[in-house]
Each structure stands twice: as C-alpha cells, then as structure tokens.
2 protein chains.
Amino acid sequence: MSDITAPPRPLAAPRKRNAEATRAAILEAAKSHFAVLGYDCAILRDIARDAGVDVALVKRYFGGKEALFVEALRASFLSDALRTWDRATFARDMANMLAGSPHADEDRTHRFQFLLRAATSPNTAPLLNVLVQDRFLEPIRSWLGGADADARARVLAASYIGFLVERLIRGEALVGRERDVFVDRVTVIFDALLSEPVGSI
Amino acid sequence: MSDITAPPRPLAAPRKRNAEATRAAILEAAKSHFAVLGYDCAILRDIARDAGVDVALVKRYFGGKEALFVEALRASFLSDALRTWDRATFARDMANMLAGSPHADEDRTHRFQFLLRAATSPNTAPLLNVLVQDRFLEPIRSWLGGADADARARVLAASYIGFLVERLIRGEALVGRERDVFVDRVTVIFDALLSEPVGSI
DNA sequence: CCCCGAAGTCAATAGGCGTTGACATGTCCG
DNA sequence: CGGACATGTCAACGCCTATTGACTTCGGGG
C-alpha cells in the first residue's frame with residue numbers, strides 16, 4: 001500500500017530463545033513503524049522482520065495487529081512530564097520548547113508523531129479517545145485546576161497539538177526575530193489558557 | 001480495513017448518460033470519502049457506489065485511485081474560502097466551527113479534514129508540499145498582512161491544525177456550558193493572532 | 001540422557017482491494 | 001432507420017495482508 005520504504009532499524013543479532021526479549025523487540029519495532037507509517041500502512045511482516053522474528057509470533061505474543069498497536073501506543077505514553085512544569089514560567093517555557101532548539105527532544109517528537117498518526121486514522125482514532133482522556137487530558141485538567149478545567153484543558157491540549165504539528169512540518173528550529181515573534185505570540189496564548197475564567201462567561 | 005461505515009450521502013437519482021455529470025458525481029463522492037477516511041481507508045467501490053456508478057468508471061475517467069485523489073484534492077482547494085471570512089467575526093466564527101455543530105459549515109470542515117488526513121498519510125504527504133505552501137500558508141499570510149505576517153501566519157496555522165486534530169479525536173460536537181467556555185477561549189486566541197504586534201516586540 | 005513444554009518456523013487460507021478487458025446498451029448523427 | 005461511438009456493466013484476475021494451525025527445534029528438569 002505504501003511505497004515508503006521501511007524505517008531504518010538495525011536488525012538485532014540473533015537472540016537466544018527468550019520470550020520476554022522477543023516480545024520487547026516486536027514492541028519496539030512496532031512503535032517505530034506505527035509512528036512513521038501509521039496503523040494502516042504499517043505491515044506486520046515488516047515489523048516482524050525488523051524485530052528479527054517471524055510474523056506468527058506477533059499473534060502469539062500480542063494476539064493481532066490491533067492489540068499490538070494498542071500496546072505500542074500505551075508504551076509510548078509511559079512517562080508523564082507535565083507535573084514538573086512551573087506554572088509561573090510555563091507559557092514561555094512551552095513557547096521556547098515549541099520554537100525548537102538544536103538539541104530538541106527527539107523522543108518526544110517521535111512519540112508525538114505516533115499520537116498524531118493514530119489520531120488521524122479512522123481505524124485507530126476510536127482507540128485514542130480513552131487513552132487521550134486518561135493520560136493526556138486528565139493530567140492537564142488536574143494540573144490546571146479551577147473552574148471549567150475540562151474545557152480549558154481541551155483548548156490547551158489542542159493548542160499544544162497544533163504547535164507540535166507545526167513543529168513537525170517546519171522541521172528546523174526558529175531563530176532571530178522570527179523566533180522572538182513566535183515565542184511572544186505563543187506565550188500569550190498559553191498564558192491566557194492558564195488563567196481562570198473571569199466574569200460571567 | 002476500516003470498520004467505519006461509509007459517509008452518508010444520498011444516492012442520486014439515475015442520471016441520463018452524461019459523462020461530465022458522472023465524472024462530477026465520482027469526484028464529489030471521492031472528496032467526501034477521502035476527507036472522512038483518508039486515502040488509505042477510502043475504498044473505490046464505496047466511492048463509486050455513493051456516486052451511483054460502477055467502479056470501472058473511476059478508471060475510465062480518472063485513471064486510478066491516486067489520480068482520483070489528486071484531482072479531488074485540487075478540487076477541494078479551488079475556492080479560496082479565506083477571503084470570504086470577516087475579520088471582525090473571524091475568531092468567534094472559527095471557534096464555533098471548531099466546537100462543531102450540526103449547522104456548521106460542513107464543507108469547510110471537510111476540506112480541512114481532507115488536508116489533514118492527506119498530510120498524515122505517508123502515501124499522500126509527498127503530494128502536499130507545494131499545495132500547502134501555495135494554498136494554505138501563503139493565503140493566510142497575505143490575509144493577515146501587517147508586520148511579521150509570516151510568523152503570525154505560522155502560529156495561526158498551527159493553532160488551527162491543533163484544534164482540528166482535537167476535533168477529530170473528540171468526534172462529537174460540544175454542547176452547553178462546556179461549549180461556551182471552549183468557544184470563548186478559542187476566540188481569545190484567534191483574536192490575539194489577528195492583531196498586529198504592539199510595541200517593540 | 002531423555003523427554004516435554006515453550007519458543008520459533010513454515011506454508012496455506014481467506015478476504016479485501018485496485019485494476020483490467022471483454023461485453024452490453026443507450027444516444028446521436030448520417 | 002441504422003450503424004458507430006461513447007457510456008455504462010460485469011466478472012474475474014492478481015496482488016497484498018492478517019490470520020491460523022500444524023510442524024520443528026531448543027533447552028532445561030526429572
């Protein structure tokens with residue numbers, strides 16, 4: 001279906017028989033493939049080949065493609081970085097991160113690519129609802145606190161996603177005046193989202 | 001591949017033999033399907049069925065799936081919708097559209113869904129580079145005008161995309177107070193992006 | 001040392017989809 | 001009126017993929 005060649009991944013040296021290791025290898029390859037190609041275009045055979053195993057083992061260890069996907073998605077969202085943010089500087093820090101730096105967090109980008117691809121395929125979008133709710137929206141919500149935290153979390157998450165997409169498309173980090181303008185604008189947005197509603201909105 | 005049922009589309013009354021009309025019908029159905037399901041999950045047979053024609057005609061009139069997709073993509077961006085937006089009400093209109101509603105501009109949402117889905121599939125992403133630059137970023141940039149239009153267009157597009165993704169994940173339209181809060185917040189954001197930079201920023 | 005279950009391999013199956021070319025039929029011009 | 005070309009229909013092909021179950025091999029405990 002896809003004419004895109006499989007993602008680069010060094011084929012591991014032949015393992016001794018080890019269920020846990022092969023399971024992990026499959027999961028790792030799956031995360032990579034699903035992130036780059038999306039659920040629909042990712043091919044179990046290729047994933048298995050990169051993991052250095054036979055396709056049938058995917059069934060044995062995970063049950064099927066969809067189950068493997070869910071597992072890979074879960075595994076990609078283990079770390080919860082949100083609680084370490086400082087509310088006072090959150091907006092500007094976030095803006096700076098989104099503007100990009102030469103030493104940007106590769107892992108974060110990768111994980112997010114996964115999320116985005118999963119969100120935009122009709123096959124996997126339904127699976128995402130729960131996960132996003134539990135591991136993304138809910139943390140943001142409780143971190144925000146205050147009135148209408150739910151709706152505000154929604155907007156915050158949406159903005160965050162949008163800038164990450166833009167970052168992915170853009171590729172390179174911003175510099176100079178363009179960066180300054182970008183950071184200022186984004187800071188305003190996130191600051192507005194942190195504040196509680198005023199008046200009778 | 002997809003367990004999503006085909007999008008609702010009234011099957012047209014049987015036409016007289018008319019090449020132009022059937023071609024248009026196929027294209028219309030294709031736009032809808034590609035927007036909702038994406039390139040990979042859209043099925044030619046379903047598109048043809050919605051258009052009320054046989055699959056083979058897709059080949060006759062367009063040559064193949066990919067050619068049909070390109071044509072549909074082009075057709076979806078023919079009308080330049082941006083210029084019709086009223087700057088005064090832009091922010092709130094946009095926010096309402098993103099919140100979702102039965103009476104929202106279904107067509108516009110469709111077009112951008114189309115764009116997003118096309119951008120996130122490895123099969124179709126390469127086709128998009130020029131299109132996005134010419135028909136998306138550049139129009140926004142010139143529509144915004146003023147100082148630092150480039151960076152502001154970047155932020156606007158990013159926000160837009162973010163809310164679009166959030167809408168896709170969310171699925172259903174917001175209602176009640178949650179919707180009000182959402183709309184107000186988003187309105188603030190877009191309003192901020194419309195304004196020119198102040199001071200020495 | 002041997003055997004039994006776990007780990008890994010293999011080939012076949014079933015279903016879906018894009019594509020294709022032969023066939024039927026309506027419409028219009030001479 | 002009648003044939004010819006455009007339009008529309010049909011069935012089948014070929015390829016790809018997930019899935020499945022039977023088979024083989026390793027490796028450790030009795």
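So that the names make sense, note that chain A is the first sequence line, chain B the second, and so on, each numbered from 1. Fair warning: this is a prediction, and the values are worked out from it, not measured in the lab.
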Distance check: side-chain N/O of A:T22 vs OP1/OP2 of C:dA7, anything under 4.0 Å?
-> no

Would you kindly give the CZ-to-P distance between B:R23 and D:dG8, to the nearest whole Å?
-> 13 Å

Measure the distance from CG on A:N18 to P on C:dA7 and round it to the nearest whole Å.
-> 9 Å

B:Y39 six-ring centre to B:K65 NZ/CZ under 6.0 Å and within 45° of normal = yes

Which one, C:dG8, C:dC10, D:dG8, comes nearest to the side chain of B:Y61?
-> D:dG8

When you measure from the side chain of A:R17, which nucleotide among C:dT27, C:dT19, C:dG8 comes out closest?
-> C:dG8

Does a salt bridge link A:R185 with B:D148, judged by any charged N lying under 4.0 Å from a carboxylate O?
-> no

Which is true for A:V55 with a 4.0 Å heavy-atom rule: it touches a base, it touches only sugar-phosphate, or it touches nothing?
-> base

The answer to which of B:D54 and A:L57 contacts DNA chain C further toward the 5' end, by nearest nucleotide, is A:L57

Tell me what A:L44 touches on the nucleic acid: a base, only sugar-phosphate, or nothing, going by heavy atoms under 4.0 Å.
-> sugar-phosphate

What's the CZ-P distance between B:R60 and D:dA6, to the nearest Å?
-> 10 Å

Kindly indicate whether the side chain of B:D93, heavy atoms from C-beta on, has any atom under 4.5 Å from the side chain of B:F190.
-> no

Are OP1 or OP2 of C:dT19 and a side-chain N or O of B:K59 less than 4.0 angstrom apart?
-> no

Do B:R45 and C:dG16 have a side chain to base donor-acceptor pair shorter than 3.5 Å?
-> no

Want to settle it: does B:A56 or B:E20 sit nearer the 5' end of DNA chain D, counting the closest nucleotide to each?
-> B:E20

Verify, without hydrogens or angle tests, whether A:R152 (side chain) and A:G145 (backbone) share a donor-acceptor contact under 3.5 angstrom.
-> yes

Send over the distance from A:R49 CZ to C:dT9 C1', rounded to a whole Å.
-> 17 Å

Atom-to-atom span, CZ of A:F62 to P of C:dA7 - whole angstrom | 13 Å

Base, sugar-phosphate, or nothing: which does B:A48 touch, judged by heavy atoms less than 4.0 Å apart?
-> nothing

Between C1' of C:dG16 and CG of B:D46, the distance in whole Å | 11 Å

Can you tell me the distance, in whole Å, between the CD1 atom of A:I47 and the C1' atom of D:dA18?
-> 12 Å

From OH of B:Y39 across to P of C:dC17 the rounded distance in Å is 14 Å

Between the side chains of B:D46 and B:H33, is a donor N or O closer than 3.5 angstrom to an acceptor N or O?
-> no

At under 4.0 Å between heavy atoms, what does A:K65 touch on the DNA or RNA strands: base, sugar-phosphate, or nothing?
-> sugar-phosphate

